[in-house]
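Inspection log for the structure reproduced underneath, given as structure tokens.
As the structure lists them, so they are numbered: ligands from 1, and atoms in each ligand from 1. Atoms considered below: every heavy atom in the structure, side chains included; atoms not considered: hydrogens, waters and symmetry mates.
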Amino acid sequence: MIMEEHWKLVYVIGILALGFAVKSNADGSISCGFPAIYNFGDSNSDTGGISATLNEILPPNGETFFGHPAGRASDGRLIIDFIAEGIKLPYLSAYMDSIGTNFRHGANFATGGSSVRPPGFSPFNLGIQISQFIQFKARTTTLYNRLSLNRRIPLSISNLPRPAEFSQALYTFDIGQNDLGHGFQTMSEKQVRDSIPDIIGEFSKAIHILYKEGARFFWIHNTGPLGCLPYNVIYGKKPGNVDKNGCVKAQNEAAMEFNEQLKNKITWLRTQLPFAKFTYVDVYSAKYDLVSNAKKLGFVDPFNFCCGSFYGYHINCGKKATVNGTVYGNPCDHPSNHISWDGIHYSETANMLVSNRILNGSLSDPPVSIQDACHHQTDI
Ligand SMILES: *[C@@H]1O[C@H](CO)[C@@H](O)[C@H](O)[C@H]1NC(C)=O
Ligand SMILES: *[C@@H]1O[C@H](CO)[C@@H](O)[C@H](O)[C@H]1NC(C)=O
């Protein structure tokens, strides 16, 4: 009897494993076939969280790709959207959006303004996002199990994640920029640097918690060149503090310090969490290259942006103001000529170029593509 149960289990596991690993790549290797993505982060990867809760994202955001505001601070797609396309999954719904969402293939916990540690520009720091994930997993699992027993309402499970897929999913992160950004607005440079080990420590705790929940495949973006964002150049530029490309040096140095400590922490996490696969992704380099090669890539001045205004009158993208008959805040005609969409967030074209660079693994440690982030070269 016990034997029989055992073989049944082996059979079920065999089928699951098969279903999980049948897709093969052009080079003959087996693709991971991630069935879901769970994302954590800030506005760089928010697909509707902050817009549904605290701060609605207005037109012309979304104009290039979606044709209407789509909860994203950009004219079009974000890197997380290109990730979804890359592994052939639908775009992620925001966990906190209650309208028109579908969580069958994952959920997005990222929200604009979020930082790893409180306080920041948003209440939804990484710790909150992790708590939301835990509740999401527990409640959708209960609901799925209850509904799948009730054959009269089969459609009700169609928007729910499959409980078995939580441990096969890809867990993606892009967070830390607001810890540094908020730091530079409230602290000295030295204090910002001194805060980095604690930020990284909290980041690491979040990963430990997800691992305990069954997460195994982690794709972690480092933080971008904070000092190259037009907003920071406008407010942070002082004689002698910019690099050869015009970016604010101290802010980029802090970002690089953050990234080095993040990379070291991931190396340590590999020893602590042996069943996990971590891919560290150098988004910083991909974004910095856009700025340093702006002209070659056909962009206008990298510190020019398309939507909103920080000069004289501060007008957020989506708002307009008329002063003495002059209207401020009209968006530019060609967002794709700009690296920066609104002074803080990247244009779709920039996001696409960064994605092209990072998704094939050429800036990753280890150098695996997003499709292969479940098995690293060392184990095949
Ligand atoms: C608007 O007009 C008033 C009156 O002519 C003038 O004092 C003010 O400086 C003008 N403001 C701007 C931004 O041009
Ligand atoms: C990845 O893509 C970038 C940009 O398209 C390209 O320059 C690079 O050679 C590619 N790397 C690999 C390993 O395919």
Could you give the side-chain donor-acceptor pairs of residues 216-227 under 3.5 Å, partners two or more places apart or in another chain?
| unit_1 | atom_1 | unit_2 | atom_2 | d |
| --- | --- | --- | --- | --- |
| Arg216 | NH1 | Tyr211 | O | 3.0 |
| Trp219 | NE1 | His221 | NE2 | 3.0 |
| His221 | ND1 | Asp174 | OD2 | 2.9 |
| Asn222 | OD1 | Val283 | N | 2.9 |
| Asn222 | OD1 | Tyr284 | N | 2.9 |
| Asn222 | ND2 | Tyr280 | OH | 3.1 |
| Asn222 | ND2 | Asp282 | OD1 | 2.8 |
| Thr223 | OG1 | Gln177 | N | 3.4 |

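- At a threshold of 4.5 Å between non-hydrogen side-chain atoms, the residues Arg77 and Asn351 do not count as touching.
- Using a heavy-atom distance under 4.0 Å as the criterion, the protein contacts of ligand 2 are Asn356, Arg357, Asn360, Ser362.
- Ile57 and Phe310 fall into different hydrophobic clusters, where Ile, Leu, Val, Met, Phe, Trp and Tyr side chains are chained together by heavy-atom contacts under 4.5 Å.
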Practice task
Walk me through it: do Asn245 and Asp243 pass the test side chain to side chain donor-acceptor pair (under 3.5 Å)?
Solution key: CA-CA 5 Å; Asn245 288 300; Asp243 69 13; 4.8 Å; no
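- At a threshold of 4.0 Å, the pair Glu260-Lys263 does not count as salt-bridged, since none of the basic side-chain nitrogens sits closer than that to a carboxylate oxygen.
- Cation-pi check for Arg270 over Phe278 is not met; the charged atom does not lie both under 6.0 angstrom from the ring centroid and within 45 degrees of its normal.
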